[in-house]
Asks: 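Encoded as structure tokens, here's the structure I'll be asking about.
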Amino acid sequence: MTVFSAKEFDNHEDILFFHDEKSGLKAIIAVHDTTLGPALGGTRMWDYQNEEEAIADVLRLSRGMTYKSSLAGVNLGGGKSVIIGNARTDKTPELFEAFGRAVDQLGGTYIAAEDVGTTVPDLEIARRSTRHIAGISEGNSGDPSPATAWGVFHGLRAAVQFELNKTNLTGVKVAVQGLGNVGYGLCELLKDAGAELIVADPHEAAVDKAVRNLGATAVGIEAIYDQDADVFAPCALGAILNDDSIARLKVRVVAGSANNQLAEDRHAKMLMEKGILYAPDYAINAGGIIIISHEGPNFKRDKAMQQVAGIHDTCLSIFERAKRENVTTAEIADKIALERLENVRNEKARLALAS
Ligand code: NAD
């Protein structure tokens, strides 16, 4: 097993492995970069096939958080944690208390939040052992999903404006993949804005609700890629932009909340060559991290949501620069994120020299 030479390592500042025999906790916390502030990222609980897979996942995800926060303009670094285990069968209060103790050992360098496989109540249990938990209901911003949906809505608007030259969403057809916390919230916002919805989710009750309440057209989970729509909004799984799906897509825009949408980096180029505008996942889905960055004694939801709406302008500037430089939108998002990091690093070095 390699760590330092792993492709995903990318100069991580810290990687910590925790084991608590009594509760059975096996967790890894990765801190990628704290240039902009404490490393914030969700806690994923997943039944990894092996430890290599868990290490690769936590490294990839924590690096992604550095880029997401940098691009979103928030003063948070990039980190992530994983708990190795089955989220359906292995959860106990003792496990999350032990996880809280693990987070506490970092003294605030890493701040945990919910992610795939963990819930706000799980993190509330972890909170008994550490104060370094964000996005839970106790006196702070709560579930980040509504903010994420709000950000995706504004990023999608920007993409439609740029690609379809439309300043509103009336009659714009959006194919939404996944009607979970973010996907359903996005559908409600789209419906209110006059868009037409096509939806797919294996969870029948969610589909029925969207059909009944939002007038959506339901299609099968495979058929969602083949729709004659303007926009494809992936709000479920990662790696869904691949050779097969891109060949099938008939849309002009891809704009959705899912993390790590591109199966491989080259798929950004494939989308560009097909004339499909791709709103980079970590640019458009940053609403959650933005609202969390507002947490504190003076938390004001309205102010935070106003900043989330700024994802419209962030996306628009990515689209414009990508067009100017004739490169993919994914490349430009990375460039902007790295430019900010570099500027802050240089400024810190300058101040250190001056003092
Ligand atoms: P969720 O678990 O609430 O919803 C996911 C939905 O996708 C579920 O309804 C599930 O049934 C559905 N689904 C699963 N497989 C599917 C398939 N093959 N086709 C269609 N639907 C399928 O998750 P969420 O919180 O809504 O997050 C959605 C995505 O957005 C995830 O990729 C997540 O990582 C990402 N994201 C979420 C947030 C947030 O604040 N919740 C922030 C950033 C990114």
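Start at 1 and go down the list; that is how both ligands and their atoms are numbered. Given the structure is predicted, the values throughout are model-derived calculations rather than measurements. Each residue takes its place number in the sequence, starting with 1.
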Asks: What is the ring orientation for Phe99 with Phe96, classed by angle as parallel under 30°, tilted 30 to 60°, or perpendicular over 60°?
Replies: perpendicular
Asks: Of all residues at least two apart in sequence or in a different chain, which pass the side chain to side chain contact (heavy atoms under 4.5 Å, CB included) check with Glu97?
Replies: Arg101, Ile125, Arg128, Ser129
Asks: Kindly tell me which protein residues have any non-hydrogen atom under 4.0 angstrom away from an atom of ligand 1, grouped by chain and ordered by number?
Replies: Lys68, Pro144, Ser145, Thr148, Gln177, Gly178, Leu179, Gly180, Asn181, Val182, Ala200, Asp201, Pro202, His203, Ile221, Cys235, Ala236, Leu237, Ser257, Ala258, Asn259, Asn285
Asks: Are Ser141 and His294 linked by a side-chain donor-acceptor pair shorter than 3.5 Å?
Replies: no
Asks: Which hydrophobic side chains are connected to Met270, either touching it within the sub-4.5 Å cutoff or through other members that do?
Replies: Ile198, Val219, Ile224, Tyr225, Phe232, Leu237, Ile240, Leu241, Ile246, Leu249, Val251, Val254, Leu262, Leu271, Ile276, Tyr278
Asks: Run the side chain to side chain contact (heavy atoms under 4.5 Å, CB included) test against Lys335 and tell me which residues pass, sequence neighbours left out.
Replies: Arg321, Glu325, Ile332, Glu339
Asks: Any donor and acceptor pair, going by atom type alone, linking the side chain of Gln306 with main-chain N or O of Arg301 inside 3.5 Å?
Replies: no
